[in-house]
Amino acid sequence: MEIVVSGIRPTGYLHLGNYFGAIQNFLKMQDENNCFFFIADYHSLTTHPTPADLHGNVKQVLVEYLASGIDPEKVTLYIQSDLPETAELYLLLNMNAYMGELERVTTFKEKARKQPDNINAGLLTYPCLMAADIIIHKAHKVPVGKDQEQHLEMTRTFARRFNRMYNVELFPEPQAFNFGQELIKIPGLDGSGKMGKSEGEGNAIFLAEEPKSIRKKVMRAVTDTGPTSPNSPKSEPVENLFSLLRIVSTPDTVQYFEDQYNSMQIRYGDLKKQLAEDIISFTAPLRERIIEISADDAYLSKVVKIGADKARESAAKTVKDAREIIGFRKF
Ligand code: AMP
């Protein structure tokens with residue numbers, strides 16, 4: 001079985017884009033691989049969150065992943081800061097990472113531009129921490145988006161450099177996980193691009209969102225003035241609503257609105273009402289589980305402890321070996 005490692009950003013409430021994009025992939029992976037999924041709270045510190053926000057976001061993401069079906073018995077689900085071994089390996093990797101190569105990383109340059117008042121060393125050495133997260137479990141595969149490919153390349157560089165420096169084969173070079181199909185993109189409600197938390201108010205529907213609020217957002221979704229001729233192509237905002245409908249509604253419902261559109265009889269208000277109700281039916285059981293798990297502190301602390309213990313088993317061995325190799329040896 002291949003070892004897969006993936007980090008989850010503690011961003012708080014998850015939306016339908018996260019659910020159909022990231023989480024569905026996690027569910028597939030957990031059945032077929034030996035997975036280590038961790039909530040990346042050390043990484044979060046580069047943006048200086050308040051302690052309450054950090055804790056709240058970690059909890060929310062943990063709860064929502066569990067509610068979505070991530071099974072802590074199948075995978076090792078842990079919180080990054082519960083594994084100080086990661087911090088130690090990060091320190092060791094920092095010693096062999098060069099300023100020049102770190103400064104050239106695209107995401108570092110972007111972050112530095114975005115937060116010019118807080119260009120901290122953690123931002124610069126982000127690739128070292130990410131490499132530590134991955135190679136600490138000797139991962140073979142890492143599911144990464146386009147924006148992370150450069151980081152994964154650096155992980156391979158650091159792994160190779162360590163192996164070469166000490167003439168060992170301690171760390172395998174991890175490869176990008178390939179899902180074998182196009183990654184799904186869930187559009188937002190604001191008429192453009194993709195559903196995202198930071199795309200502006202009303203663009204995203206959250207898994208834990210109340211029905212009333214879902215109705216309000218969907219009814220306010222951007223459309224156009226209607227089809228201009230029979231069977232005309234749809235504008236992007238309208239196509240987006242149809243895409244969402246295809247995900248949460250029955251094929252009959254989708255066909256009904258397709259026909260209405262093609263015969264120019266469509267009323268977007270009706271389409272939105274149906275879409276809102278079908279989103280609500282889809283999210284209702286998830287929302288219920290989120291509320292239930294969120295209130296169950298005993299369960300959460302058990303999950304987190306089991307995850308940390310399992311992660312430690314794998315990480316402690318790697319760090320012990322690395323220490324020995326480097327020359328930190330017992331007297
Ligand atoms: P974010 O916290 O926005 O970076 O999202 C975390 C992960 O969720 C991303 O790496 C994607 O895999 C997935 N994701 C986010 N938004 C969407 C979307 N609109 N459609 C599909 N997947 C998404």
Side-chain angles (χ1 to χ4, degrees), residues 4-30 35 37-47 49 53-54 56-70 75 77 79-80 106-107 110-111 114 123 126 130 133-134 141-152 176-209 214 217-218 221-222 236-237 239-248 275 279 282-283 286 290:
V4 175
V5 172
S6 187
I8 299 163
R9 292 198 302 145
T11 48
Y13 293 97
L14 299 180
H15 51 68
L16 289 175
N18 300 128
Y19 183 80
F20 288 105
I23 294 180
Q24 291 311 304
N25 290 332
F26 278 66
L27 293 178
K28 264 182 256 159
M29 285 187 281
Q30 76 175 356
C35 293
F37 298 152
F38 65 94
I39 301 178
D41 58 348
Y42 278 143
H43 283 285
S44 287
L45 297 184
T46 56
T47 58
D53 280 352
L54 179 60
N57 286 341
V58 168
K59 177 175 176 184
Q60 196 64 33
V61 167
L62 174 68
V63 166
E64 297 197 359
Y65 268 77
L66 291 168
S68 302
I70 296 297
V75 306
L77 177 63
I79 295 169
Q80 188 186 28
T106 317
T107 48
E110 262 167 33
K111 287 262 170 65
K114 265 196 218 154
L123 274 184
Y126 182 105
M130 178 168 155
D133 293 324
I134 295 167
K141 292 276 157 66
V142 185
V144 288
K146 269 253 162 292
D147 56 333
Q148 295 285 319
E149 269 169 13
Q150 195 182 14
H151 289 153
L152 191 59
F177 193 98
N178 187 350
F179 288 103
Q181 63 191 56
E182 279 293 294
L183 287 180
I184 182 169
K185 187 174 89 176
I186 306 300
L189 295 171
D190 62 1
S192 69
K194 88 180 214 185
M195 185 171 286
K197 195 176 165 147
S198 49
E199 307 298 317
E201 191 63 21
N203 174 52
I205 301 277
F206 296 96
L207 302 183
E209 193 149 354
I214 295 179
K217 281 186 181 172
V218 175
V222 176
E236 192 182 358
E239 182 54 43
N240 287 351
L241 296 185
F242 271 90
S243 296
L244 291 169
L245 200 67
R246 280 182 214 113
I247 286 164
V248 295
L275 178 59
I279 290 177
F282 182 83
T283 52
L286 275 174
I290 290 169

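Ligands are counted one by one from 1 in listed order, and the atoms in each one are counted from 1 as well. Position 1 is the first residue of the sequence; numbering continues from there.
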So with a 6.0 Å cut-off around CZ of Arg246, is the heavy-atom count from everything else above 12?
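Yes - once you tally the heavy atoms of other residues, nucleotides and ligands closer than 6.0 Å, there are more than 12.
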Near Phe242 CZ, under 6.0 Å, is it more than 12 heavy atoms from other residues, nucleotides or ligands?
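Atom CZ in Phe242 is packed in, count exceeds 12.
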Would you indicate whether the side-chain heavy atoms of [Y] and [X] approach each other to under 4.5 Å?
| X | Y | result |
| --- | --- | --- |
| Phe206 | Glu64 | no |
| Leu77 | Leu66 | yes |
| Ile134 | Leu152 | yes |

Give the protein residues with at least one non-hydrogen atom closer than 4.0 Å to an atom of ligand 1, ordered by chain and number.
Arg9, Thr11, His15, Gly17, Asn18, Gly21, Ala22, Ile184, Lys185, Ile186, Lys194, Met195
Tell me, please, which residues at least two apart from Pro143 pass side-chain contact (heavy atoms from CB on, under 4.5 Å).
Val4, Ser6, Met29, Phe177, Phe179
